[in-house]
K.L.:
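My questions all concern the structure below.
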Protein chains: 2
Amino acid sequence: MTSTSRDVARAAGVSVATVSRAFSETGAVSETTRRKVLAEARRLGYSPNPAARRLITGRSGNIGLIVPDLANPFFADIIKGVQRRAREARQAILVADTDEQARMECDALRSLARQVDGVILASPRSAIEDLPHDLNIPIVLIHREAPGWWSVSADFAEGVRQALVNVRALGHEHVAYAAGPIQSWSGGMRTASLRRHAAELGVTLYELGSVAPTIDGGLAAADLALATPATALIAYNDVVALGAMRRLTARGVSVPRDMSVVGCDNTMLSQLSVPALTTVGVPRYEAGEAAVALLERSLADADAVPVQQVLPTSLVIRDSTAPPRPS
Amino acid sequence: MTSTSRDVARAAGVSVATVSRAFSETGAVSETTRRKVLAEARRLGYSPNPAARRLITGRSGNIGLIVPDLANPFFADIIKGVQRRAREARQAILVADTDEQARMECDALRSLARQVDGVILASPRSAIEDLPHDLNIPIVLIHREAPGWWSVSADFAEGVRQALVNVRALGHEHVAYAAGPIQSWSGGMRTASLRRHAAELGVTLYELGSVAPTIDGGLAAADLALATPATALIAYNDVVALGAMRRLTARGVSVPRDMSVVGCDNTMLSQLSVPALTTVGVPRYEAGEAAVALLERSLADADAVPVQQVLPTSLVIRDSTAPPRPS
DNA sequence: CAACTTGACGGAAACGTTTACGTCGCGCTT
DNA sequence: AAGCGCGACGTAAACGTTTCCGTCAAGTTG
């Protein structure tokens, strides 16, 4: 049905080796025969069989991408970044959704291992030591740093610091913080940063503990916050912030008049809400692109020393923050 | 580095053919030797090389998925459905994002063609006749029907009919409709259905024309709606509805007291908004699953006659609709 | 008991490339 | 004029499976 390199070789009056060389950029072939071969190939509708090529070169030409939840807009942007950079490198991407389950990360990793040249693992829920390390393909982590691993993450510590500084500048002295899942590495960064900077900024931090990273988690966080003297609430992410705003409004607490709210991630949601959410901007698209770039580097030089890239974050001020009401 | 079937064969004292048979479910091999082979394979860390397998069987074991925009929550759910069903069938999925561009659909189709066993094309922006049809792999369309093509779509006509009936039952006699992009097949279905049923239900339909399927499009739609006597607005999708609600609120028009708003798709957004959005529920997860099922059928029997599956839709009533204010 | 089926297994030929190696002209040096 | 280097190209051996035959023993039938 589909034609092979032999067909093209015959038609162009050359050997299959020459056909192969005409298609691989590096091949030593004269310009005239290359043109001849390419023309003949087009006429016959020939394109190299990727399976055969992969069998001999060992390169599959595609990379794996593992995310906790595709429906989470946070990861959607990461995928788009990966996608774009991968397309330039003529790589296809194989995506796996793990439904937020750590075990599925390992399964996905294993089943992808033989199919791809390398894997990008976004916001892994697993502990690093639980990840299989015997599948000799490069792995790049997103939003998780670990010694000896390639990774690209964002400077969450700086982002929430900016949030705290801003809220303090508005006049808030009592700030509540709703943390996310304990396994979240980036969440840990945020908590640590807030603790570190609260004292030196002269704000009292009320840690509300860990809530689910969902709307419902946000509802709970709002009630917890109202039980403290806090006049501002920093949330684990935008979704929690939105949930909190909804609950606050429902309980007659006006945002930002009675309570300022800050989210994290700057997802699409933060622009949609009313009032629009002040949030910590996290580069997602760029993280995806950077991860592919790192993967390419580790693919090019198998024993390159892993780099841990950190992308900048910055506060995006919208309408959910304001000075506290004079009491 | 990695061991091959030959290594396993040698270790187990059998031939490579037997190793192959032990791994392919169908192979005629005695239970005892199969167990022996599998044990030896596990010990050596062997797993069949997918490239070699593909080269000879012609099956790649993965399917392609092309979507206009990964960041659109609408498609995210479709992917999750595809993902789930594909995992059961031990298939990996290769995803391509076309950035809403019709041309990229063709490019993606072509570059995927040799890599996958079949392709699922969600909400194609291209005209059917522009799609390449010479790449002899099965294609399943989502949310687009065309004679001679496999497809799974939703009964948008019924969904918006229900919306119209409901709004009419609440007492609205003047209803505005903001349509989406003209290339949208499903949008066409909605428009046609509204036109068909408006008269018989005794409602006057104000067609606002086509707006961008974005928040900004929704802002525009709101202004257009306010220029008509309409007391209810049906929007192309949830995003447009949200944009409209925002604009209406900004202009001092209370939703749903002064104006009822109905969205379409029942995306996550519709639950997040305040007030929560009444919307037409469209099965996305199920559509993804169904598409894979269809793909499997057409893979199993190459000249099966294409089926066009239609999934049910139903109105989800939330807080953005209410009886019109007595004037 | 001979002939025949049946099931388990090995040998070997594919599948369609890439690439190491060899050959062959051609132009250049000495 | 002989030797040499070099670029272009062909030959053939991989890559790791699956699968078509063929063989052989064990059971089954007439």
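Quick note on labels: first sequence line is chain A, next is B, and so on, each numbered from 1.
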K.L.:
Rounding to an integer number of Å, can you tell me how far A:Arg34 CZ sits from D:dC9 C1'?
P.N.:
14 Å
K.L.:
Which one, C:dA12, D:dG10, D:dT17, comes nearest to the side chain of A:Ala17?
P.N.:
D:dG10
K.L.:
Under the ring-ring contact (aromatic ring centres under 6.0 Å, His included) test, which residues partner A:Tyr285, sequence neighbours left out?
P.N.:
none
K.L.:
NA contact type, A:Phe23, heavy-atom cut-off 4.0 Å: base, sugar-phosphate, or nothing?
P.N.:
nothing
K.L.:
Out of C:dG16, C:dG10, D:dC9, which nucleotide sits closest to the side chain of A:Thr4?
P.N.:
C:dG16
K.L.:
Quick one: ring-ring contact (aromatic ring centres under 6.0 Å, His included) partners of B:Phe75, sequence neighbours excluded?
P.N.:
none
K.L.:
Under a 4.0 Å threshold between the charged nitrogen and the carboxylate oxygen, would A:Arg125 count as salt-bridged to A:Glu100?
P.N.:
yes
K.L.:
For C:dG7, does either OP1 or OP2 sit under 4.0 Å from a side-chain N or O belonging to B:Ser30?
P.N.:
no
K.L.:
Return whichever of A:Thr33 or A:Arg114 has its heavy-atom-nearest nucleotide of DNA chain D closer to the 5' end.
P.N.:
A:Thr33
K.L.:
Looking for any heavy atom pair under 4.0 Å, which part of the strands does A:Val14 touch: base, sugar-phosphate only, or nothing?
P.N.:
sugar-phosphate
K.L.:
Using distance alone, with no hydrogens and no angle criterion, decide if B:Ser47 and A:Arg114 have a side-chain donor and acceptor under 3.5 Å apart.
P.N.:
yes
K.L.:
Between C1' on C:dT19 and CZ on A:Arg21, what's the gap in Å once rounded to a whole number?
P.N.:
8 Å
K.L.:
Starting at atom CZ of B:Arg6, determine the distance to atom C1' of C:dG11, rounded to an integer number of angstrom.
P.N.:
13 Å
K.L.:
Going by side chain to side chain donor-acceptor pair (under 3.5 Å), name the pairs with one or both residues in residues 87-97 of chain B, residues two or more places apart or in two chains.
P.N.:
A:Lys80-B:Asp97
K.L.:
Quick one: closest heavy-atom pair of A:Ala92 and B:Leu94, and the distance?
P.N.:
CB-CD2, 3.4 Å
K.L.:
Taking the six-membered ring for Trp, are A:Phe74 and A:His143 parallel (under 30°), tilted (30 to 60°) or perpendicular (over 60°)?
P.N.:
tilted
K.L.:
Starting at CG of A:Leu109, measure out to CG of A:Leu131 and round the result to the nearest 0.5 Å.
P.N.:
5.5 Å
K.L.:
Can you see if the side chain of B:Ser5 gets near the phosphate of D:dT17 - specifically, an N or O under 4.0 Å from OP1 or OP2?
P.N.:
yes
K.L.:
B:Leu44 CG to D:dG16 C1': how many Å, rounded?
P.N.:
15 Å
K.L.:
Using the side-chain heavy atoms of B:Thr18, tell me which of these nucleotides is nearest: D:dT18, D:dC9, C:dC9.
P.N.:
C:dC9
K.L.:
List in chain and number order the residues that pass salt bridge (charged side-chain N to carboxylate O under 4.0 Å, His left out) with B:Glu286, two or more places apart in sequence or in another chain; answer none if no residue qualifies.
P.N.:
none
K.L.:
Mind grabbing the angle between the end helix axes of the helix from C:dC1-D:dG30 to C:dT30-D:dA1? Five pairs an end, 10° rounding.
P.N.:
40°
K.L.:
Atom CZ of A:Arg10 and atom P of C:dG16: how far apart are they, to the nearest Å?
P.N.:
12 Å
K.L.:
Using a cut-off of less than 4.0 Å, is there contact between a side-chain N or O of B:Ser20 and OP1 or OP2 of D:dT17?
P.N.:
no
K.L.:
If you take any heavy atom closer than 4.0 Å to DNA chain C, which residues from residues 50-60 of chain B end up in contact?
P.N.:
B:Leu55, B:Ile56
